[in-house]
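In what follows, a single structure is set out as C-alpha coordinates and then discussed.
Here is the naming used below: chain letters follow the sequence lines, and residue numbers restart at 1 for every chain.
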2 protein chains.
Amino acid sequence: MRSPLSSQQAEQIAPLLKALADPVRLRLLSLVASHADGEACVCDLTDAFELSQPTISHHLKVLHEVGLLDRSKRGVWVYYQLRTEALAGLAALIDDGAR
Amino acid sequence: MRSPLSSQQAEQIAPLLKALADPVRLRLLSLVASHADGEACVCDLTDAFELSQPTISHHLKVLHEVGLLDRSKRGVWVYYQLRTEALAGLAALIDDGAR
DNA sequence: CGATGACATTGACAAACGTCTATGTCTTTG
DNA sequence: CAAAGACATAGACGTTTGTCAATGTCATCG
(Lines give C-alpha, C1' and ligand atoms only; values in the text may rest on other atoms or scores of the structure.)
Protein backbone atom coordinates (compact mmCIF):
# COMPACT_ATOMS: atom_id res chain seq x y z
CA MET A 1 0.00 0.00 0.00
CA ARG A 2 1.39 3.38 -0.96
CA SER A 3 0.25 5.86 1.67
CA PRO A 4 -1.92 5.48 4.77
CA LEU A 5 -5.59 6.38 4.62
CA SER A 6 -6.66 9.72 6.00
CA SER A 7 -9.34 9.88 8.67
CA GLN A 8 -11.73 11.29 6.09
CA GLN A 9 -11.07 8.49 3.63
CA ALA A 10 -11.47 5.89 6.34
CA GLU A 11 -14.76 7.35 7.47
CA GLN A 12 -16.04 7.39 3.92
CA ILE A 13 -15.23 3.77 3.29
CA ALA A 14 -16.24 2.30 6.63
CA PRO A 15 -20.02 2.78 6.19
CA LEU A 16 -19.93 0.90 2.90
CA LEU A 17 -18.14 -2.01 4.53
CA LYS A 18 -20.46 -1.85 7.49
CA ALA A 19 -23.44 -2.20 5.18
CA LEU A 20 -21.81 -5.25 3.66
CA ALA A 21 -20.76 -6.77 6.96
CA ASP A 22 -23.92 -8.68 7.75
CA PRO A 23 -24.74 -12.22 6.64
CA VAL A 24 -28.32 -11.36 5.74
CA ARG A 25 -27.30 -8.37 3.67
CA LEU A 26 -24.58 -10.35 1.91
CA ARG A 27 -27.15 -12.93 0.93
CA LEU A 28 -29.61 -10.24 -0.12
CA LEU A 29 -27.03 -8.69 -2.42
CA SER A 30 -26.10 -12.01 -3.94
CA LEU A 31 -29.75 -12.95 -4.37
CA VAL A 32 -30.48 -9.72 -6.21
CA ALA A 33 -27.36 -10.10 -8.33
CA SER A 34 -28.10 -13.67 -9.32
CA HIS A 35 -31.77 -13.03 -10.06
CA ALA A 36 -33.14 -12.89 -13.59
CA ASP A 37 -32.56 -9.48 -15.20
CA GLY A 38 -30.37 -8.56 -12.21
CA GLU A 39 -33.27 -7.37 -10.17
CA ALA A 40 -35.64 -8.80 -7.58
CA CYS A 41 -38.73 -7.58 -5.78
CA VAL A 42 -39.00 -7.59 -2.02
CA CYS A 43 -41.45 -10.48 -2.07
CA ASP A 44 -38.87 -12.73 -3.75
CA LEU A 45 -36.28 -11.80 -1.15
CA THR A 46 -38.52 -12.10 1.88
CA ASP A 47 -39.33 -15.67 0.88
CA ALA A 48 -35.64 -16.63 0.97
CA PHE A 49 -35.24 -15.90 4.69
CA GLU A 50 -36.91 -16.90 7.89
CA LEU A 51 -37.12 -13.27 8.90
CA SER A 52 -40.01 -10.87 9.07
CA GLN A 53 -40.80 -8.66 6.10
CA PRO A 54 -39.93 -5.46 8.00
CA THR A 55 -36.52 -6.85 8.83
CA ILE A 56 -35.78 -7.56 5.18
CA SER A 57 -37.11 -4.12 4.31
CA HIS A 58 -34.73 -2.63 6.86
CA HIS A 59 -31.70 -4.42 5.42
CA LEU A 60 -32.62 -3.38 1.90
CA LYS A 61 -32.85 0.20 3.06
CA VAL A 62 -29.35 0.03 4.54
CA LEU A 63 -27.94 -1.34 1.29
CA HIS A 64 -29.81 1.27 -0.71
CA GLU A 65 -28.67 4.15 1.47
CA VAL A 66 -24.98 3.40 0.95
CA GLY A 67 -25.50 3.10 -2.78
CA LEU A 68 -25.10 -0.64 -3.19
CA LEU A 69 -28.67 -1.23 -4.36
CA ASP A 70 -30.88 0.72 -6.73
CA ARG A 71 -34.58 0.92 -5.99
CA SER A 72 -37.43 1.24 -8.46
CA LYS A 73 -41.13 0.94 -7.86
CA ARG A 74 -43.33 -0.55 -10.54
CA GLY A 75 -46.98 -0.90 -9.66
CA VAL A 76 -47.34 -2.51 -6.30
CA TRP A 77 -43.88 -4.02 -6.37
CA VAL A 78 -40.50 -2.56 -5.49
CA TYR A 79 -37.52 -3.90 -7.37
CA TYR A 80 -33.94 -3.74 -6.13
CA GLN A 81 -30.95 -3.91 -8.40
CA LEU A 82 -27.24 -4.27 -7.70
CA ARG A 83 -25.07 -1.22 -8.39
CA THR A 84 -22.14 -3.20 -9.70
CA GLU A 85 -19.88 -0.15 -10.05
CA ALA A 86 -20.22 0.55 -6.34
CA LEU A 87 -19.32 -3.02 -5.44
CA ALA A 88 -16.50 -3.16 -7.97
CA GLY A 89 -15.15 0.14 -6.69
CA LEU A 90 -15.07 -1.15 -3.15
CA ALA A 91 -13.34 -4.34 -4.27
CA ALA A 92 -10.70 -2.28 -6.08
CA LEU A 93 -10.11 -0.21 -2.96
CA ILE A 94 -9.56 -3.26 -0.80
CA ASP A 95 -7.41 -4.97 -3.37
CA ASP A 96 -5.33 -1.83 -3.61
CA GLY A 97 -4.55 -2.16 0.08
CA ALA A 98 -3.17 -5.62 -0.55
CA ARG A 99 -0.57 -4.44 -3.05
CA MET B 1 -22.93 -12.99 -9.85
CA ARG B 2 -23.44 -16.62 -10.69
CA SER B 3 -25.23 -18.21 -7.77
CA PRO B 4 -26.48 -16.78 -4.47
CA LEU B 5 -24.39 -17.20 -1.33
CA SER B 6 -25.37 -19.89 1.12
CA SER B 7 -26.02 -18.98 4.73
CA GLN B 8 -22.77 -20.67 5.68
CA GLN B 9 -20.76 -18.74 3.12
CA ALA B 10 -22.36 -15.48 4.19
CA GLU B 11 -21.61 -16.14 7.84
CA GLN B 12 -18.01 -16.93 7.02
CA ILE B 13 -17.44 -13.73 5.07
CA ALA B 14 -19.36 -11.32 7.29
CA PRO B 15 -16.92 -11.37 10.25
CA LEU B 16 -14.05 -10.44 7.94
CA LEU B 17 -15.98 -7.48 6.59
CA LYS B 18 -17.07 -6.57 10.08
CA ALA B 19 -13.46 -6.40 11.18
CA LEU B 20 -12.73 -4.10 8.26
CA ALA B 21 -15.81 -1.95 8.76
CA ASP B 22 -14.39 0.53 11.23
CA PRO B 23 -12.54 3.74 10.41
CA VAL B 24 -9.88 3.18 13.05
CA ARG B 25 -9.20 -0.36 11.91
CA LEU B 26 -9.05 0.71 8.27
CA ARG B 27 -6.43 3.28 9.15
CA LEU B 28 -4.55 0.77 11.29
CA LEU B 29 -4.37 -1.66 8.40
CA SER B 30 -3.20 1.00 5.98
CA LEU B 31 -0.65 2.28 8.47
CA VAL B 32 0.82 -1.17 8.93
CA ALA B 33 0.82 -1.78 5.19
CA SER B 34 2.52 1.47 4.36
CA HIS B 35 5.13 1.17 7.08
CA ALA B 36 8.73 0.33 6.40
CA ASP B 37 9.25 -3.45 5.98
CA GLY B 38 5.47 -3.84 5.99
CA GLU B 39 5.28 -4.05 9.74
CA ALA B 40 4.74 -1.70 12.64
CA CYS B 41 4.88 -1.96 16.39
CA VAL B 42 1.99 -0.95 18.60
CA CYS B 43 3.80 2.16 19.81
CA ASP B 44 4.00 3.52 16.25
CA LEU B 45 0.29 2.91 15.76
CA THR B 46 -0.85 4.31 19.08
CA ASP B 47 0.90 7.58 18.29
CA ALA B 48 -1.13 8.02 15.10
CA PHE B 49 -4.47 8.19 16.93
CA GLU B 50 -5.99 10.21 19.69
CA LEU B 51 -7.18 7.04 21.33
CA SER B 52 -6.02 5.18 24.39
CA GLN B 53 -3.49 2.41 24.08
CA PRO B 54 -5.96 -0.27 25.19
CA THR B 55 -8.35 0.81 22.47
CA ILE B 56 -5.70 0.43 19.78
CA SER B 57 -4.71 -2.89 21.31
CA HIS B 58 -8.33 -3.99 21.09
CA HIS B 59 -8.65 -3.08 17.42
CA LEU B 60 -5.41 -4.85 16.59
CA LYS B 61 -6.73 -7.93 18.32
CA VAL B 62 -9.88 -7.86 16.22
CA LEU B 63 -7.87 -7.59 13.00
CA HIS B 64 -5.53 -10.35 14.15
CA GLU B 65 -8.34 -12.70 15.12
CA VAL B 66 -9.92 -12.63 11.67
CA GLY B 67 -6.55 -13.22 10.05
CA LEU B 68 -5.92 -9.81 8.53
CA LEU B 69 -2.86 -9.07 10.66
CA ASP B 70 0.04 -11.23 11.72
CA ARG B 71 1.52 -10.71 15.14
CA SER B 72 5.12 -11.26 16.24
CA LYS B 73 6.80 -10.30 19.48
CA ARG B 74 10.43 -9.24 19.46
CA GLY B 75 11.82 -8.20 22.78
CA VAL B 76 9.52 -5.73 24.43
CA TRP B 77 7.81 -4.78 21.18
CA VAL B 78 4.98 -6.43 19.30
CA TYR B 79 4.97 -6.06 15.54
CA TYR B 80 1.92 -6.39 13.35
CA GLN B 81 2.08 -7.22 9.68
CA LEU B 82 -0.56 -7.21 6.95
CA ARG B 83 -1.67 -10.59 5.62
CA THR B 84 -2.00 -9.48 2.04
CA GLU B 85 -3.43 -12.76 0.81
CA ALA B 86 -6.33 -12.43 3.22
CA LEU B 87 -7.09 -8.92 2.05
CA ALA B 88 -6.65 -9.83 -1.60
CA GLY B 89 -8.91 -12.84 -1.17
CA LEU B 90 -11.63 -10.70 0.28
CA ALA B 91 -11.28 -8.18 -2.53
CA ALA B 92 -11.60 -10.98 -5.07
CA LEU B 93 -14.73 -12.24 -3.37
CA ILE B 94 -16.38 -8.84 -3.47
CA ASP B 95 -15.29 -8.16 -7.00
CA ASP B 96 -16.73 -11.51 -8.00
CA GLY B 97 -20.11 -10.36 -6.81
CA ALA B 98 -19.90 -7.37 -9.11
CA ARG B 99 -19.53 -9.49 -12.25
C1' DC C 1 15.93 -7.53 43.01
C1' DG C 2 13.23 -3.38 42.10
C1' DA C 3 11.81 0.03 38.78
C1' DT C 4 10.38 1.13 34.20
C1' DG C 5 8.20 0.61 29.99
C1' DA C 6 5.50 -1.99 26.17
C1' DC C 7 1.57 -4.25 25.48
C1' DA C 8 -2.70 -7.10 26.93
C1' DT C 9 -6.79 -7.99 29.75
C1' DT C 10 -10.75 -6.79 32.55
C1' DG C 11 -14.82 -4.49 33.66
C1' DA C 12 -17.93 -0.72 32.93
C1' DC C 13 -20.90 2.12 30.13
C1' DA C 14 -23.16 4.60 26.37
C1' DA C 15 -24.21 4.15 21.56
C1' DA C 16 -25.34 1.45 17.63
C1' DC C 17 -27.42 -2.73 15.72
C1' DG C 18 -30.69 -6.58 14.40
C1' DT C 19 -34.99 -8.17 15.15
C1' DC C 20 -39.91 -8.15 16.11
C1' DT C 21 -44.90 -6.44 16.46
C1' DA C 22 -47.97 -2.98 15.27
C1' DT C 23 -49.27 0.35 12.17
C1' DG C 24 -49.06 3.37 8.07
C1' DT C 25 -49.06 4.38 2.94
C1' DC C 26 -50.18 3.50 -1.54
C1' DT C 27 -51.87 0.73 -5.43
C1' DT C 28 -54.97 -2.47 -7.46
C1' DT C 29 -59.29 -4.68 -7.86
C1' DG C 30 -64.15 -5.72 -7.13
C1' DC D 1 -65.68 3.53 -2.21
C1' DA D 2 -64.15 -0.61 0.38
C1' DA D 3 -61.09 -4.53 0.79
C1' DA D 4 -56.72 -6.69 -0.01
C1' DG D 5 -51.99 -6.85 -0.76
C1' DA D 6 -46.96 -5.04 -1.16
C1' DC D 7 -43.85 -2.54 1.09
C1' DA D 8 -42.22 1.11 4.56
C1' DT D 9 -42.04 3.31 9.10
C1' DA D 10 -42.18 3.58 14.17
C1' DG D 11 -41.25 2.02 18.54
C1' DA D 12 -39.51 -1.45 21.74
C1' DC D 13 -36.04 -4.64 23.37
C1' DG D 14 -31.97 -7.55 24.00
C1' DT D 15 -27.23 -7.91 22.07
C1' DT D 16 -23.04 -6.24 20.25
C1' DT D 17 -19.63 -2.64 19.73
C1' DG D 18 -16.20 1.12 20.68
C1' DT D 19 -14.17 3.43 24.22
C1' DC D 20 -11.92 4.29 28.65
C1' DA D 21 -9.67 3.75 33.41
C1' DA D 22 -7.59 0.43 36.11
C1' DT D 23 -4.81 -3.40 36.44
C1' DG D 24 -2.00 -7.37 34.88
C1' DT D 25 2.06 -9.60 32.50
C1' DC D 26 6.48 -9.80 30.91
C1' DA D 27 11.03 -8.20 29.36
C1' DT D 28 14.82 -4.92 30.15
C1' DC D 29 17.96 -2.28 32.74
C1' DG D 30 20.16 -0.25 36.87
Side-chain angles (χ1 to χ4, degrees), chain A residues 5 7 10-32 35 37 39-81, chain B residues 5 7 10-32 35 37 39-81:
Chain A
L5 290 172
S7 305
E11 292 188 14
Q12 271 192 345
I13 304 171
L16 259 172
L17 289 165
K18 219 166 196 173
L20 225 57
D22 179 276
V24 174
R25 290 199 285 267
L26 280 175
R27 288 181 61 201
L28 279 171
L29 272 191
S30 76
L31 271 174
V32 168
H35 217 261
D37 301 329
E39 64 178 13
C41 71
V42 181
C43 52
D44 292 332
L45 303 170
T46 303
D47 290 349
F49 297 85
E50 302 200 339
L51 292 170
S52 69
Q53 173 264 320
T55 295
I56 299 299
S57 199
H58 162 69
H59 286 304
L60 290 170
K61 184 181 184 180
V62 171
L63 291 169
H64 174 61
E65 282 176 344
V66 298
L68 286 172
L69 283 183
D70 266 340
R71 187 179 181 281
S72 64
K73 186 169 183 176
R74 289 204 299 276
V76 183
W77 296 279
V78 172
Y79 293 86
Y80 284 93
Q81 191 163 14
Chain B
L5 290 171
S7 305
E11 293 188 12
Q12 271 192 344
I13 304 171
L16 258 173
L17 289 165
K18 221 167 194 171
L20 225 56
D22 179 275
V24 175
R25 290 196 287 267
L26 279 174
R27 289 180 61 201
L28 279 172
L29 272 192
S30 75
L31 272 174
V32 169
H35 217 263
D37 301 329
E39 65 179 13
C41 70
V42 181
C43 52
D44 292 332
L45 302 171
T46 303
D47 290 349
F49 297 86
E50 302 200 340
L51 291 170
S52 70
Q53 174 264 319
T55 296
I56 299 299
S57 199
H58 162 68
H59 285 304
L60 290 170
K61 184 180 184 180
V62 170
L63 290 168
H64 175 61
E65 280 176 346
V66 299
L68 286 171
L69 284 183
D70 265 342
R71 186 178 183 282
S72 63
K73 186 170 183 173
R74 290 207 297 276
V76 184
W77 296 278
V78 172
Y79 293 86
Y80 284 91
Q81 191 163 15

Review point. Which heavy atom of A:Pro23 sits nearest a heavy atom of B:Glu11, and at what distance?
Key: CB-CG, 3.6 Å
Revision key, fill the gap. Of B:Cys41 and A:Glu50, the one whose nearest nucleotide on DNA chain C sits closer to the 5' end is B:Cys41
Check your understanding: Is the side chain of B:Ser57 donor-acceptor paired with the backbone N or O of B:Gln53 at a distance under 3.5 Å, no angle test?
Key -> no
**Study point:** Nearest non-hydrogen partners of B:Val78 and B:Lys73, listed with the distance
**Key:** CG2-CG, 4.1 Å
Exercise for review: Identify the two heavy atoms, one from A:Phe49 and one from A:Leu31, that lie closest to each other, and give their separation to 0.1 Å.
Suggested key: CE1-CD1, 3.7 Å
Revision key, fill the gap. Between A:His59 and the options A:Leu29, A:Leu69, A:Leu28, the side-chain contact (heavy atoms from CB on, under 4.5 Å) test singles out A:Leu28
**Study point:** Spacing of A:Leu17 atom CG and A:Gln12 atom CD [to the nearest 0.5 Å]
**Key:** 12.5 Å
Exercise for review: Assign B:Tyr80 to base, sugar-phosphate, or nothing according to its heavy-atom contacts below 4.0 angstrom with the strands shown.
Suggested key: sugar-phosphate
Review point. What closest approach, in Å, do B:Ala14 and A:Ala21 show between heavy atoms, and which atom pair accounts for it?
Key: O-CB, 4.1 Å
Practice item. Residues of residues 54-61 of chain B with any non-hydrogen atom less than 4.0 angstrom from an atom of DNA chain C: list those, numerically ordered, please. Key: B:Pro54, B:Ser57, B:Lys61
Point to revise | Gap separating the SG atom of A:Cys41 from the CG atom of A:Asp47, nearest 0.5 angstrom | key: 8.5 Å
**Study point:** Protein-nucleotide distance (B:Arg25, atom CZ; D:dT16, atom P), rounded to Å
**Key:** 15 Å
**Study point:** Stretch residues 14-22 of chain A: residues that reach within less than 4.0 Å of DNA chain C through a heavy atom
**Key:** A:Lys18, A:Asp22
Review point. Which pair of non-hydrogen atoms, one from B:Leu26 and one from B:Leu20, has the smallest distance, and what is that distance?
Key: CG-O, 3.3 Å
Check your understanding: In Å and rounded to the nearest 0.5 Å, what is the CG to NZ distance from A:Leu63 to A:Lys61?
Key -> 12.5 Å
Revision key, fill the gap. For B:Ala19 and B:Arg25, the nearest pair of non-hydrogen atoms, with its separation, is O-NE, 2.6 Å
Practice item. Would you mind building the protein contact string for nucleotides 24-30 of chain D? One character per nucleotide, 5' to 3', B for base within reach (heavy atoms under 4.0 Å), S for sugar-phosphate only, - for untouched. Key: ----S--
Review point. When all nucleic acid strands are considered with a 4.0 Å heavy-atom cut-off, which category describes A:Phe49: base, sugar-phosphate, or nothing?
Key: nothing
Exercise for review: In whole angstrom, give the distance that lies between atom CG of A:Leu51 and atom C1' of D:dC7.
Suggested key: 16 Å
Review point. Can you check the A:Arg71 CZ to C:dC26 P distance for me, whole Å?
Key: 12 Å
**Study point:** Phosphate OP1/OP2 of D:dA6 contacted by A:Arg74 side-chain N/O (<4.0 Å)
**Key:** no
Practice item. Rounded off to whole Å, could you give me the CG-to-C1' distance for the A:Leu63 and D:dC7 pair? Key: 16 Å
Review point. Does the D:dA8 base have a donor-acceptor partner in the side chain of A:Gln53 within less than 3.5 Å?
Key: yes
